[in-house]
Amino acid sequence: MAASRVSTPAAAPGQFFTLTEPLQFEGPKFKPSARRPLGYRYYDADRMVLGRRMEDQLRFAVCWWHSFVWPGTDPFGGETFNRPWHAIGADAMQQAHAKVDVAFELFQLLDVPFFTFHDRDIAPEGTTLRESNANLHRIGERLARRMDDTGIALLWGTANLFSNRRYMAGAATNPDPMVFAYAAAQVKTALELTHELRGANYVLWGGREGYDTLLNTNLTREWAQLGRFLNLVVEHKHAIGFTGAILIEPKPCEPTKHQYDYDVASVFAFLQAHGLEHEVQVNIEQNHALLAGHSFEHEIAQAQALGIFGSIDMNRGDELLGWDTDQFPNNLPHVALAMYQIMLGGGFSTGGINFDAKLRRQSIDPDDLVAAHAGAIDLCARGLLVAERMIDDGVLAAHVDARYAGWDAKEGTAILKGRRSLASLAAMVERKGIEPQPVSGRQERLENLINSYL
Ligand code: XUL
Ligand code: CO
């Protein structure tokens with residue numbers, strides 16, 4: 001399949017997209033024209049929303065892997081995108097350099113402040129680790145120059161510990177400690193590069209840290225190995241003085257049948273068991289939440305409640321497909337509820353909104369990349385404005401507070417402070433002849449209220 005592929009001729013930098021002017025805020029009435037085919041209706045970087053500039057509230061990032069690396073393959077079909085830097089037989093380092101230029105062209109067209117990468121997205125793997133590291137450093141230097149020129153920053157870096165066949169049985173959770181050692185070497189380099197590029201966070205997604213069958217797996221050992229690995233990462237973070245957050249990205253399955261970082265609650269239990277609950281936070285992905293049987297806002301609220309909310313990977317799944325489709329978000333109510341939850345918790349600190357989203361494989365025009373991100377950026381901005389209305393109005397929060405008011409009164413406080421026992425509560429109920437009166441949860445009225453903000 002690949003051999004018959006015809007590649008688009010290499011474009012000079014600045015010519016990959018037909019759009020040349022950065023997208024601007026045009027206002028909600030914006031009508032696309034031939035001269036200005038794309039613009040933001042809601043994303044107005046300098047507009048103050050809930051006490052911060054919109055750009056600083058949303059902290060958008062474009063990811064390297066889906067936008068510049070993935071060639072449009074699926075399990076049944078080959079490459080569809082045929083980008084110039086995907087040309088077969090070309091020098092892999094030259095392609096990596098070309099990708100940097102196109103990537104920064106996209107970041108500038110979109111006017112996003114951040115990007116994210118895996119080590120193997122930005123530079124090709126060599127025949128030895130030494131060669132891979134040298135490749136990474138050369139591209140790292142080019143990234144640093146482009147970052148300095150443009151002011152575009154790194155939201156997070158990460159290491160790809162799942163594509164190479166050495167990792168087929170896991171990285172840290174591999175039955176072979178030498179695979180653990182190799183993964184440690186790879187993370188050391190990726191973390192150090194993230195630090196050099198002043199990344200705001202470092203992410204670990206345990207792509208193959210799980211298992212396909214218990215018949216060949218020692219779950220107890222694998223859990224302990226993963227705990228040790230994460231402790232080594234945290235120790236190294238402190239050793240090199242990296243001040244960004246270390247984030248774990250939960251996902252219940254895919255590629256393995258059962259992954260150890262299943263969801264936010266499982267990650268928290270894992271962190272506590274290994275003494276890391278104050279060191280590590282989570283990067284929550286919308287599509288992963290759905291795969292775990294949760295809503296996105298549930299996972300955000302759960303992380304906030306446990307004090308480990310860090311960042312989000314914004315995308316969407318498909319209600320009819322049970323896998324990680326990584327589509328660009330386009331559902332306002334869903335995004336607005338997620339933004340409400342994030343803003344209710346005080347917003348992002350080191351985290352942000354990374355579009356871990358990819359085009360559908362028929363969307364082969366370069367400008368589709370711009371349009372997909374632009375739509376997603378505008379949707380999140382609009383979701384943020386809905387969240388602002390919900391918070392300013394305060395009706396929802398007041399309703400929730402009123403429901404729990406008893407817990408702030410005398411008896412509720414006494415129970416929570418440990419001043420009551422089962423016996424004393426039983427005696428009180430009997431003595432006072434208490435029979436609690438159920439009150440309406442008013443779900444439909446609240447749902448109608450949400451629609452009034454959209
Ligand atoms: C995979 C996924 C990854 C992580 C980074 O489902 O979400 O791209 O975000 O490794
Ligand atoms: Co992700």
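Keep in mind that this is a model prediction, so the values were computed, not measured. Every number for a ligand or one of its atoms is a count from 1 in the order of the listing.
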Would you call the rings of Phe270 and His274 parallel, tilted or perpendicular if under 30° counts as parallel and over 60° as perpendicular? tilted

Any idea which of Lys358, Glu249, His288 brings a heavy atom closest to atom 6 (O) of ligand 1? His288

Residue that, paired with Trp64, satisfies ring pair (Phe, Tyr, Trp, His ring centres under 6.0 Å) out of Trp156, Phe115, Phe114: Phe115

Polar contacts were defined as any N/O atom of the residue lying under 3.5 Å from an N/O atom of the ligand; does this apply to Asn283 and ligand 1? no

Are any N, O or S atoms from Glu249 nearer to the Co ion (ligand 2) than 2.8 Å? yes

Taking N or O atoms only and a 3.5 Å limit, does Trp65 qualify as a polar contact for ligand 1? yes

Answer with side chain, backbone, both or neither: which part of Asp326 has a heavy atom less than 4.0 angstrom from an atom of ligand 1? neither

Atom indices of ligand 1, in the order listed, that fall short of 4.0 Å to a heavy atom of His118: 5 (C), 8 (O), 10 (O)

Within 4.0 Å of some non-hydrogen atom of Lys251, the atoms of ligand 1 are 6 (O)

When you compare the side chains of Trp65 and Asp356, does any donor N or O come within less than 3.5 Å of an acceptor on the partner? yes

Please verify whether a non-hydrogen atom of Val203 lies at under 4.0 Å from ligand 1. no

ang(OE1 Glu285, the Co ion (ligand 2), OD2 Asp313) rounded to 10° is 110°

Indicate yes or no: does Arg166 engage Glu125 in a salt bridge with an N to O separation below 4.0 Å. yes

In ligand 1, the atoms that come under 4.0 Å of a heavy atom of Asp324 are 6 (O)

Angle between ring planes, Phe355 versus Phe328, binned at 30° and 60°: parallel, tilted or perpendicular? tilted

What I want to know is whether Trp205 and ligand 1 share at least one N or O pair that is separated by under 3.5 angstrom. no

Could you list which atoms of ligand 1 come closer than 4.0 Å to a heavy atom of Asp313? 9 (O)

Atom name in Asp356, limited to N/O/S, at shortest distance from the Co ion (ligand 2): OD2

Nearest heavy-atom pair of His137 and Thr189: which atoms, and what distance? CE1-CG2, 4.1 Å

Should the pair Glu192-Lys188 be classified as a salt bridge under the 4.0 Å nitrogen-to-oxygen rule? yes

Check: Trp70 ring centre within less than 6.0 Å of His86 ring centre: no

Hey, could you give me the CG/CZ distance between Leu359 and Phe81, rounded to the nearest 0.5 Å? 5.0 Å

